Amino acid sequence: MAATVCTVYTAQSLNSACSISTPSKTHLGFTQRDVVLFSSSGKKTNRRCSKSVITCAGETVVIGLAADSGCGKSTFMRRLTSVFGGAAEPPKGGNPDSNTLISDTTTVICLDDYHSLDRTGRKEKGVTALDPRANDFDLMYEQVKAIKDGIAVEKPIYNHVTGLLDPPELIKPPKILVIEGLHPMFDERVRKLLDFSIYLDISNEVKFAWKIQRDMAERGHSLESIKASIEARKPDFDAYIDPQKQYADAVIEVLPTQLIPDDNEGKILRVKLIMKEGVQFFSPVYLFDEGSTISWIPCGRKLTCSYPGIKFYYEPDTYYGHEVSVLEMDGQFDRLDELIYVESHLSNISTKFYGEVTQQMLKHADFPGSNNGTGLFQTIVGLKIRDLFEQVVASKVKTPVEATKA
Ligand SMILES: Nc1ncnc2c1ncn2[C@@H]1O[C@H](COP(=O)(O)OP(=O)(O)OP(=O)(O)O)[C@@H](O)[C@H]1O
Ligand SMILES: O=C(CO)[C@H](O)[C@H](O)COP(=O)(O)O
């Protein structure tokens with residue numbers, strides 16, 4: 001990426017504000033509370049409201065991933081980071097309960113780290129973690145903006161083991177920053193920093209089935225406590241989390257199957273990939289013919305399907321007043337190696353070689369959702385994000401002078 005000259009203003013004490021006196025490509029003009037800013041070289045600025053000019057590494061591409069707890073964000077992140085190669089790991093030598101995952105290209109931060117109230121604080125005030133009053137959106141905005149501008153920050157850590165706010169950790173600007181959690185698109189200022197946004201929309205029935213599977217089987221919770229926790233969160237989920245999907249560039253919607261009448265097992269899923277038209281550096285995936293309405297049952301000689309089979313559907317539509325393309329898959333694969341047959345009928349999937357989607361799916365066959373549309377669409381969105389990132393980089397390389405001048 002082209003180097004960018006940044007003018008950085010920092011304030012050291014609570015309530016002291018730094019103002020911007022000269023126009024600059026990137027700047028920080030906020031009241032600093034417990035945030036400490038570092039230049040890209042890692043050097044700490046220690047004068048009160050000092051002005052320094054540094055050379056930043058360049059702009060970080062910022063991706064937002066929103067979903068309720070237990071809706072597959074971690075699984076999606078593992079698929080996404082795998083597309084870029086290299087393993088994603090917590091910061092070396094840091095807090096063992098850190099929620100951050102770092103790989104060569106990507107840094108994934110969890111927005112739970114911006115909870116302003118710890119577990120006891122929320123209990124005392126009678127608010128859930130989904131309530132905006134339990135989260136510090138000013139700090140979230142300031143820090144995501146700083147990272148996007150190429151400046152490292154000291155980000156707080158919310159410790160899910162103790163329920164407390166731990167001392168902060170240093171986050172250096174990566175090539176791609178993913179902010180995942182409950183509220184990446186809630187605050188307009190943060191939303192505007194996103195180069196691409198995704199919402200995982202898991203229907204109540206499916207969410208319940210996944211929660212039971214994880215919290216009952218793996219964490220020993222009772223059925224009653226799981227039901228109670230879902231019910232307790234629902235009003236705030238409806239008020240603060242769900243409305244974010246209207247802002248997402250891509251929504252992965254997970255619903256019960258329509259292939260089995262009155263199915264109540266919740267094992268076979270109907271998954272929709274809703275892709276906004278007109279998003280810069282993002283061209284929606286299509287099946288056979290762009291803009292047509294197509295229903296496709298691929299089962300037969302080239303794809304083995306057991307009951308109830310597989311059905312794809314593709315159509316242009318509108319979603320919260322936006323033009324979208326919708327690709328839907330109902331059912332599940334029997335043999336993942338045969339996915340290549342489906343892949344070869346999809347266009348705009350941003351693969352680098354024939355069969356890359358199938359290869360990725362086979363590589364992570366043990367991840368939840370690998371035999372259905374959740375895994376398939378998460379993999380495709382991962383490839384689209386890689387493509388978007390490469391286009392952003394290419395657009396900056398074309399105009400290095402403009403990038404430093406602005
Ligand atoms: N595509 C899927 N198909 C089936 N089950 C799934 C799928 N994705 C997630 N799950 C189930 O949901 C559980 C939670 O998934 P995951 O840890 O990825 O979600 P999360 O949103 O990161 O959760 P949290 O925010 O609570 O950490 C998994 O253990 C699994 O049981
Ligand atoms: O909705 C959540 C996002 O993951 C958590 O419930 C929230 O972060 C609070 O965490 P904990 O339950 O560990 O106190």
Side-chain angles (χ1 to χ4, degrees), residues 65-81 88 97 99-101 108-124 127-132 134-136 140 156-166 178-184 186 198-203 205-219 221 225-226 228-230 232-234 236-237 240-242 252-257 265-273 329 331-333 361 364-379 381:
L65 173 67
D68 197 4
S69 158
C71 286
K73 295 186 296 292
S74 313
T75 310
F76 187 9
M77 281 305 110
R78 288 195 287 161
R79 288 192 197 278
L80 174 68
T81 47
D97 295 328
N99 301 307
T100 302
L101 284 175
V108 181
I109 61 171
C110 175
L111 297 180
D112 294 350
D113 289 334
Y114 293 100
H115 289 336
S116 51
L117 296 175
D118 63 11
R119 204 174 283 156
T120 313
R122 291 195 300 270
K123 210 167 172 194
E124 280 169 3
V127 293
T128 71
L130 299 87
D131 191 313
N135 295 279
D136 187 342
M140 188 191 296
I157 299 175
Y158 177 72
N159 188 322
H160 281 280
V161 180
T162 60
L164 298 170
L165 289 157
D166 281 354
V178 184
I179 58 169
E180 62 95 353
L182 298 170
H183 304 100
F186 180 83
I198 307 127
Y199 185 91
L200 300 182
D201 189 6
I202 315 298
S203 64
E205 300 94 316
V206 177
K207 198 190 285 186
F208 189 53
W210 288 1
K211 274 259 177 205
I212 289 179
Q213 186 189 320
R214 184 181 71 171
D215 294 353
M216 231 170 130
E218 296 167 24
R219 298 186 179 177
H221 297 185
S225 73
I226 297 169
S229 135
I230 290 180
R233 292 170 69 101
K234 188 135 186 1
D236 283 353
F237 173 79
Y240 310 119
I241 313 302
D242 194 60
I252 298 180
E253 197 176 312
V254 185
L255 305 148
T257 184
E265 263 199 74
K267 285 204 174 122
I268 313 276
L269 302 176
R270 178 164 72 104
V271 187
K272 287 171 141 188
L273 174 58
M329 175 183 162
Q332 60 186 34
F333 301 110
M361 290 283 281
H364 302 300
D366 57 330
F367 285 9
S370 285
N371 63 347
N372 62 37
T374 59
L376 176 64
F377 293 159
Q378 287 179 5
T379 302
V381 172

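Model, not experiment: these values are computed from the prediction. Basis for what follows: all heavy atoms, side chains included, without hydrogens, waters or symmetry-related copies. Order of appearance sets the numbers: ligands from 1, and atoms from 1 within every ligand.
Looking at every heavy atom in both residues, P368 comes nearest to R78 through CD-NH2, 4.1 Å. The nearest pair of heavy atoms linking C71 to I202 is CB-CG1, 3.5 Å.
Note that R79 lies outside the cation-pi zone of F367, set by a 6.0 Å cut-off to the ring centre and a 45° limit from the axis.
M361 CE to T379 OG1: the interatomic distance, rounded to the nearest 0.5 Å, is 5.0 Å.
Under the salt bridge (charged side-chain N to carboxylate O under 4.0 Å, His left out) criterion, the residue pairs touching residues 112-122 are D113-K155, with sequence neighbours excluded.
Taking the side chain as every heavy atom from C-beta outward, I252 and V271 approach each other to under 4.5 Å. Side-chain contact between F186 and M140 is absent, with no heavy-atom pair separated by less than 4.5 Å.
Qualifying side-chain hydrogen bond (donor to acceptor under 3.5 Å, both in side chains) partners for D215, counting only residues two or more places apart in sequence or in other chains: none.
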Distances only, to 0.1 Å: what are the N or O pairs between ligand 1 and the protein that fall under 3.5 Å?
from: ligand 1; atom 1: 1 (N); to: T374; atom 2: OG1; distance (Å): 2.8
from: ligand 1; atom 1: 5 (N); to: W210; atom 2: NE1; distance (Å): 3.3
from: ligand 1; atom 1: 18 (O); to: S74; atom 2: N; distance (Å): 3.4
from: ligand 1; atom 1: 18 (O); to: T75; atom 2: N; distance (Å): 3.0
from: ligand 1; atom 1: 18 (O); to: T75; atom 2: OG1; distance (Å): 2.6
from: ligand 1; atom 1: 19 (O); to: G72; atom 2: N; distance (Å): 2.9
from: ligand 1; atom 1: 21 (O); to: G70; atom 2: N; distance (Å): 3.3
from: ligand 1; atom 1: 21 (O); to: C71; atom 2: N; distance (Å): 3.1
from: ligand 1; atom 1: 21 (O); to: G72; atom 2: N; distance (Å): 3.2
from: ligand 1; atom 1: 21 (O); to: K73; atom 2: N; distance (Å): 3.0
from: ligand 1; atom 1: 21 (O); to: K73; atom 2: NZ; distance (Å): 3.1
from: ligand 1; atom 1: 22 (O); to: S74; atom 2: N; distance (Å): 2.9
from: ligand 1; atom 1: 22 (O); to: S74; atom 2: OG; distance (Å): 2.4
from: ligand 1; atom 1: 23 (O); to: G70; atom 2: N; distance (Å): 2.9
from: ligand 1; atom 1: 23 (O); to: R214; atom 2: NH1; distance (Å): 3.4
from: ligand 1; atom 1: 25 (O); to: K73; atom 2: NZ; distance (Å): 3.1
from: ligand 1; atom 1: 26 (O); to: S69; atom 2: OG; distance (Å): 3.0
from: ligand 1; atom 1: 26 (O); to: G70; atom 2: N; distance (Å): 3.0
from: ligand 1; atom 1: 26 (O); to: R214; atom 2: NH1; distance (Å): 3.1
from: ligand 1; atom 1: 26 (O); to: R214; atom 2: NH2; distance (Å): 3.1
from: ligand 1; atom 1: 31 (O); to: Q213; atom 2: NE2; distance (Å): 3.2

Using a cut-off of under 3.5 Å, which N/O atoms of ligand 2 pair up with protein N/O atoms, and what distance separates each pair?
from: ligand 2; atom 1: 1 (O); to: R233; atom 2: NH1; distance (Å): 3.1
from: ligand 2; atom 1: 1 (O); to: R233; atom 2: NH2; distance (Å): 2.7
from: ligand 2; atom 1: 4 (O); to: D112; atom 2: OD2; distance (Å): 2.8
from: ligand 2; atom 1: 6 (O); to: R233; atom 2: NH1; distance (Å): 3.1
from: ligand 2; atom 1: 8 (O); to: D112; atom 2: OD2; distance (Å): 3.3
from: ligand 2; atom 1: 8 (O); to: H115; atom 2: NE2; distance (Å): 2.7
from: ligand 2; atom 1: 10 (O); to: H160; atom 2: ND1; distance (Å): 3.2
from: ligand 2; atom 1: 13 (O); to: R119; atom 2: NH2; distance (Å): 3.0
from: ligand 2; atom 1: 13 (O); to: H160; atom 2: ND1; distance (Å): 2.8
from: ligand 2; atom 1: 14 (O); to: R119; atom 2: NE; distance (Å): 2.8
from: ligand 2; atom 1: 14 (O); to: R119; atom 2: NH2; distance (Å): 3.3
from: ligand 2; atom 1: 14 (O); to: R122; atom 2: NH2; distance (Å): 2.8
from: ligand 2; atom 1: 14 (O); to: Y158; atom 2: OH; distance (Å): 2.6

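Between H160 and Y158, the ring-plane angle classifies as perpendicular under the 30° and 60° cut-offs.
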